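Okay, so here's the structure we're looking at.
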Amino acid sequence: MTEHLNPELSQDAPDSDEQQRLRRLSRSPHPYHHHSSDLPHPAERFVLTGRANKPIEADNDFLSSTVYPPIVKDSTQSTSDSGSEADDEHLWKGLPAPKPKPHKGLRGLNEPLSGTSTPLDSSVALGPDVTRLKEKTFAADSTLEPRLVFEVIRRRRIIARRATEAGIVLALGVMVASNPEVSKLLPIWGRDIKLFAFSYTSLIVLYPLRVVAVAYRKGRPSRLIPLEIPASFDPAPLLYPPAITLFVSLLVFPSNPAGVLPNIVLSLCSIPQKLIPKVDTYATFDTVAWMFTCLPLMWGTSYLDISIRDLDLPRISEETITLLYPLHQTLCVVLHYLTTTSLLTAELQLLSIALINVLLLAYSPQVQILKALLWGGGLGLLLLCAPVISWGIALARVPKWRFRRVSSSHDPPVLKSLTHLLSLRRLKNELLSSNFGDAIYESGESSEQEAPPPKRPTRIRTMGMGEVPPGGDSLPSSPTANKAVFANGHSNPTRRHTLPYIDNVVRRNATHTPSGRRKRATSMTVRPYLKLTQTQASLRKWLYAGYVYTCILAIIFLGIRPYVGQVALYGNEAIGWALGYVFGNLPWFRFQTVHANLESWICLPTRPDEHNHQCHLGWVQHIRHNDFGEANTRILIGAYWLAILVVGLMIVFRLKDIYEVDTRRKVFHFMMVGMLLPVTYVDPAFAALALALVLAIFLILDLLRASQLPPLSKPIASFLAPYVDGRDFRGPVVISHIFLLIGCAIPLWLTLASLPRTGSGCLAGWEVPTREVSMVSGVICVGLGDAAASLIGRRYGHRKWFWGGGKSLEGSVAFAVAVFFGLAAASAWLRVGGWPITGEQQLSLITSARNAGMCASMASLTESVLTGGNDNVIVPVVLWTCVKSLGI
């Protein structure tokens with residue numbers, strides 16, 4: 001979440017560059033600190049000048065909350081390189097550095113080394129030009145610190161990268177303005193868009209001035225302009241949520257201008273809160289920011305005229321628009337609570353805006369079903385199952401050996417056990433108990449695989465002369481023990497008694513380990529479960545799972561099903577409508593439905609008219625409508641998808657032990673291309689419905705996986721484990737497969753929202769008369785472009801972009817080429833199939849090729865420069881914006 005900080009707080013932050021260098025020495029989630037003397041090359045060692053006795057504080061992330069926390073040490077830095085004078089005699093200092101392993105995919109080549117433990121870029125990673133620059137610098141002035149040279153180069157690269165991102169956003173705005181349909185909206189909303197741009201730019205320009213003013217108000221700064229952009233600055237929350245929201249709304253709502261104003265307000269709501277002066281620094285809903293988001297209602301009057309003129313289209317009242325700011329902020333808080341660190345700030349803002357648009361502007365049947373699944377199902381699970389899921393997670397974290405052991409073999413009755421488990425009085429007593437014994441504290445190394453500490457064995461001790469067992473004075477002694485004395489003055493040893501005894505049992509400290517380290521206190525959520533036996537804990541897990549599964553079924557059949565039937569299906573029952581939608585053209589099914597008099601429940605489609613061949617819609621539509629039947633075509637599409645899925649999984653399982661995880665993951669990308677690219681034009685409404693249902697299934701399965709409830713959590717986690725990457729470990733949500741699906745689905749949903757609908761009877765609104773290439777732009781971007789960039793870049797990527805990062809020029813070129821040929825293939829299939837094309841999309845072959853090249857280049861550049869968002873979500877939306885604006 002974007003932190004609510006003001007410029008006053010940013011002045012107390014330490015030097016962000018030094019924190020960035022320290023951050024490079026760490027590995028998430030557990031930092032491993034490397035001393036400067038341990039680095040292999042002298043040029044890579046650094047000294048923190050002027051910071052010897054100054055502790056490291058938290059860094060203000062300068063409008064971005066995606067910065068990593070700084071490394072904090074228990075003691076202050078020493079003046080020596082290693083932080084301690086004793087490190088000069090370190091054992092490993094005199095040994096040679098280990099031979100580095102080449103980057104995977106580039107074995108045996110002179111590629112940049114990955115994972116070097118240095119705060120500065122090495123000479124190999126910087127490239128030949130920077131290496132020559134470094135040699136010249138040392139030759140000209142040997143006293144100049146190389147760190148300053150590298151800092152200048154790094155800052156120039158950062159500025160170039162951020163300027164490129166800003167240029168991409170401006171280029172997208174020019175493309176959107178050139179669209180013929182958007183040009184019709186500009187006379188209506190041109191003044192509001194200009195005022196929005198002016199307000200947005202003014203906030204960005206005034207923020208540095210506010211920071212400088214605060215610095216001079218606190219005292220005389222060391223520099224004339226005490227302003228410096230930190231290396232951790234991420235412009236994604238500043239650029240993408242406001243810009244993408246406005247651009248998409250202009251392209252989606254050409255026939256409904258009333259949908260533009262709510263998105264202008266949402267764009268203002270997504271501006272980082274630090275840009276807006278705050279009355280209360282720590283308030284969630286600031287009064288000034290709330291009033292700022294209501295400015296579009298004050299400066300424009302065209303919204304009332306549009307609402308009166310277009311009564312049949314969905315519109316939002318002014319009272320609802322006024323409440324968009326608290327709704328957006330609250331939704332961001334809830335989403336952040338559910339996903340924690342799985343989503344970045346820009347992704348969280350865009351997700352909240354998309355959900356609000358689905359809630360307020362849902363018009364077509366497919367979006368109404370998506371609204372019921374996301375909002376109805378999500379809120380139902382959050383209200384009914386959130387406490388039980390948290391209990392299940394807490395119970396799953398308790399190791400098996402920490403449960404209470406059964407004292408007797410006599411098992412109590414089942415009814416008595418259930419009554420005892422569900423007793424609220426017992427739970428209350430356990431939570432409020434003041435017995436802070438061994439059950440309250442646990443070692444930090446406790447895990448499910450640990451075994452309980454073994455008991456001390458009974459030892460056999462042989463007692464000699466004068467030896468008395470500890471704590472015992474009643475042992476038998478030798479009768480001549482006190483009589484015999486050696487002549488030399490020594491006592492005669494007594495008779496030896498071999499007696500078993502138990503060593504003194506030293507009671508374990510409940511709060512500290514034997515070494516003196518304080519034990520970690522057991523959480524209040526875990527403490528009640530320590531009184532359970534393992535059998536009772538397993539029974540409770542199944543009770544939690546049964547409750548969650550029951551709630552899911554109840555939400556689906558008692559909540560979502562009636563709403564979908566009443567709102568999206570015009571009063572038809574959802575299950576009966578679905579049976580007719582899929583099997584309605586089968587003669588046997590139609591006969592059984594009529595014979596059982598179920599026509600009032602199952603909606604049968606009308607038989608194709610012999611005189612209405614629909615030849616004007618293309619030969620594919622003619623075969624679908626007249627030869628196979630629309631419902632039978634859906635069965636064939638489903639069978640085709642199932643075959644692709646089975647073949648793809650077989651390939652993935654065969655490659656599991658041969659190729660690395662990134663290569664195996666790209667098989668799923670190609671599966672999406674094979675499943676959606678050929679059939680989306682055939683029935684786009686059915687494809688959109690299938691993607692919405694699969695997204696809901698993915699979310700439910702990931703919820704069950706994260707909840708760790710039996711019996712599905714472990715199989716799901718075991719299946720996903722070989723295909724996760726670093727982004728999936730940022731939080732509790734495995735986002736790879738979800739974002740892959742969303743990247744393919746969002747362009748299709750946005751395109752359908754901008755096109756008119758046809759259909760009759762129970763299928764009203766389920767036919768689309770025209771087609772566009774933008775429908776499959778997400779599949780092309782994620783399935784072809786991203787896969788080609790990864791495979792080619794990892795194998796042949798020798799030249800990196802000059803601003804650094806892991807993206808290579810070869811991978812970006814492969815991305816652009818794959819997207820270009822994918823768009824060309826989609827355009828060719830659209831023309832070969834004979835489907836009607838939207839008016840502004842009818843272009844010549846040369847113009848289409850030029851536009852495809854521009855769109856592919858823009859998407860490739862965005863993918864290479866993007867840092868503050870997931871490329872499987874933002875890049876498809878950027879490509880859709882280009883394709884929708886220019887046309888192919």
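In this chain, numbering begins with 1 at the start of the sequence shown. Bear in mind the structure is a predicted one, so any value in this text is a computation, not a measurement.
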Just checking, is any N or O donor in the side chain of [X] or [Y] under 3.5 Å from an acceptor N or O on the other one?
| X | Y | value |
| --- | --- | --- |
| Asn263 | Thr245 | no |
| Ser812 | Trp801 | yes |
| Gln349 | Tyr240 | no |
| Lys884 | Ser754 | yes |

Q | Chi angles and distances behind the side chain to side chain contact (heavy atoms under 4.5 Å, CB included) call for Asp702, Ile716 | A | CA-CA 8 Å; Asp702 199 72; Ile716 296 173; over 6 Å; no
Q | Heavy-atom check, side chain of Cys781 versus side chain of Trp880, under 4.5 Å | A |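 No. Closest side-chain heavy atoms not under 4.5 Å.
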Q | Side chain to side chain, Leu704 and Ser713, heavy atoms closer than 4.5 Å | A | no
Q. Who passes side-chain contact (heavy atoms from CB on, under 4.5 Å) against Phe668, sequence neighbours left out?
A. Leu649, Val652, Met671, Tyr723, Leu740
Q) What residues, two or more places apart in sequence or in another chain, satisfy side-chain contact (heavy atoms from CB on, under 4.5 Å) together with Val694? A)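 Residues passing side-chain contact (heavy atoms from CB on, under 4.5 Å) with Val694: Phe698, Leu741.
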[Y] backbone acceptor or donor facing [X] side chain under 3.5 Å:
| X | Y | result |
| --- | --- | --- |
| Ser718 | Lys714 | yes |
| Arg664 | Pro722 | yes |
| Arg771 | Tyr681 | yes |
| Ser864 | Leu861 | yes |
| Thr663 | Tyr659 | no |

Q: Classify the angle between the aromatic ring planes of Trp391 and Tyr544 as parallel (below 30°), tilted (30 to 60°) or perpendicular (above 60°).
A: tilted
Q | Partner of Asn872 under side chain to side chain contact (heavy atoms under 4.5 Å, CB included), chosen from Ile742, Ile738, Val782, Ile735 | A |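 So, applying the side chain to side chain contact (heavy atoms under 4.5 Å, CB included) to Asn872 and each of Ile742, Ile738, Val782, Ile735, only Val782 qualifies.
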Q) Quick one: side chain to side chain donor-acceptor pair (under 3.5 Å) partners of Glu810, sequence neighbours excluded? A) Arg799
